[in-house]
Amino acid sequence: MAIDFSYKETWLHKTNPSLKLIIIGLLFIQLLMIHNPNVLINYMVGTLLLYLFFTGHPWKRLFIIAIPFLLIFLTSSTSMIFFGQGEVTWMKWGLVHITEESFFRGLHLGFRGIIFAALGVIFALTTRPVYLFYSLMQQLKLKPKYAYSFMAAIRLIPIMIEEMQTLHYALKVRGVQAEKGIRGFYKKLKSYAIPLLSQSIRRAYRIAVAMEAKRFSNHTNRTYFYKLGFSRFDVLLMGCLLTIICLAYYTGIHHPYFSITDVRHNS
C-alpha cells in the first residue's frame, strides 16, 4: 500500500537548502547561549508557528510528528525537575527533590529540546534530499562523488524496505513459521539479513561501477540537471528568523512570564 505524503509547497520549500542548513546550525549554537526561560518560551512559540503554518503539511500529520516533541519535553524536563539541586525546596519525597531552581532549569531544558526538534523537523519537511545535495555541490563545493553517493544511499532505503516486504510475503507463502524464543528470533533474523545483505552488496557494486563509468571521481567541472541559487525567499527566511529572535528577546526581557532571568544563577 502506497503511503500518502503529499504536501503543499510553501516559501520555505523554495529557500536555498545549503543556506537553510547553515542557518539552522547557527541557531542550534545560539540556543545553547540562551539561559533565560522567558526568552526560550517566546522563541519556542515563534518556531512552532513556522512549523504549523509554513511547512505545507496537513495538520493531522504535523500533530502526529509532534508527539515525540512532547516526549522530549517530558523526559528532559522531569529528570531535571525531580532530581535537580536547589536551595528553595518545594517538595521532597525519597529521591525526588523538587526545588524552585530545578523546576525552572527543567522547564528551560524542555523548551530548548522542543525548539531543537522543531527546527530539525522544519528543515526535514521543507527540504528535498536531491535539492540539498545539488545545493551542497553548487554552493558549498561538495565533491560530486560524495554527494551522489549519499543520494544513491537514500534512494536505496525504500528499495530495501520493498525487498524486505517481498521477502516477508515469500516466507509466508512457503509456510515458514517463526519459532519462539531467542533461537526463533535468531533464525528469523538470519532469514531476513542474509538475502537483504547479499542484494545490497550486489546493488552497491553495480552503482559503484556506474558512477566510475560516469566519471564521478573526476575533479573537472560538471553540469547539473538542477540549477540552484539564492532568491528573495532566502532573505524572507533570514528576516523571519531575525524577527522571531528579536521579539523573543524583547518580550522575554521587558515582559517576562517569570521572575527568573538566568537559570544558572536563578536570579
From the options F233, Y7, W11, select the one residue that forms a ring pair (Phe, Tyr, Trp, His ring centres under 6.0 Å) with F54.
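The option that passes is W11.
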Taking the side chain as everything from C-beta on, heavy atoms only, tell me whether L107 gets closer than 4.5 Å to P37.
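Heavy-atom side-chain distance check fails, nothing below 4.5 Å.
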Compare all side-chain heavy atoms of F103 with those of F82 and state whether any distance is below 4.5 angstrom.
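No. Closest side-chain heavy atoms not under 4.5 Å.
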Going through the checks in order, is the side-chain hydrogen bond (donor to acceptor under 3.5 Å, both in side chains) test met by K20 and S135?
CA-CA 11 Å; K20 188 161 44 177; S135 178; over 6 Å; no
Go through the side-chain N and O atoms of S231 and K14 and say whether any donor and acceptor fall under 3.5 Å apart.
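No donor-acceptor contact under 3.5 Å links the two side chains.
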Listing request: all side-chain hydrogen bond (donor to acceptor under 3.5 Å, both in side chains) pairs with a residue in residues 24-53, at least two apart in sequence or in separate chains.
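Sorted result for residues 24-53: Q30-Y43, N36-N38, N42-T251, N42-Y257.
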Interatomic spacing from [atom1] in [X] to [atom2] in [Y] - rounded to 0.5 Å:
X    : Y    : atom1 : atom2 : value
T127 : L21  : OG1   : CG    : 8.5 Å
S77  : L109 : OG    : CG    : 7.5 Å
I245 : I34  : CD1   : CD1   : 7.5 Å
I24  : L241 : CD1   : CG    : 8.0 Å
F133 : L142 : CZ    : CG    : 8.0 Å
Q138 : L136 : CD    : CG    : 10.0 Å

Test of understanding: clusters of I, L, V, M, F, W, Y form through side-chain heavy atoms closer than 4.5 Å, transitively. Do [X] and [Y] belong to the same one?
X    : Y    : value
L242 : L237 : no
L70  : V45  : no
F116 : L49  : yes
I65  : I72  : no
I67  : L52  : no

Taking ILVMFWY side chains as joined if any heavy atoms are under 4.5 angstrom apart, and letting links pass through other members, which residues group with I201?
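Answer for I201: L197.
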With a cutoff of under 4.5 Å between side-chain heavy atoms, which Ile, Leu, Val, Met, Phe, Trp and Tyr residues group with M33?
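I29, which link up through side-chain heavy atoms under 4.5 Å apart, make up the rest of the cluster.
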Could you report the tightest heavy-atom contact between [X] and [Y], atom names first, then the distance?
X    : Y    : value
H57  : L62  : O-CD1, 3.5 Å
V263 : F104 : CG1-O, 3.8 Å
M238 : I23  : CG-CD1, 3.5 Å
L40  : H108 : CD1-CD2, 3.2 Å
L132 : P17  : CA-CB, 3.7 Å
H13  : T55  : CE1-O, 2.9 Å

For E9, look at atom CD and say whether over 12 heavy atoms of other residues, nucleotides or ligands are found less than 6.0 Å away.
yes
Any donor-acceptor pair under 3.5 Å linking the side chain of Q139 with the backbone of F230?
no
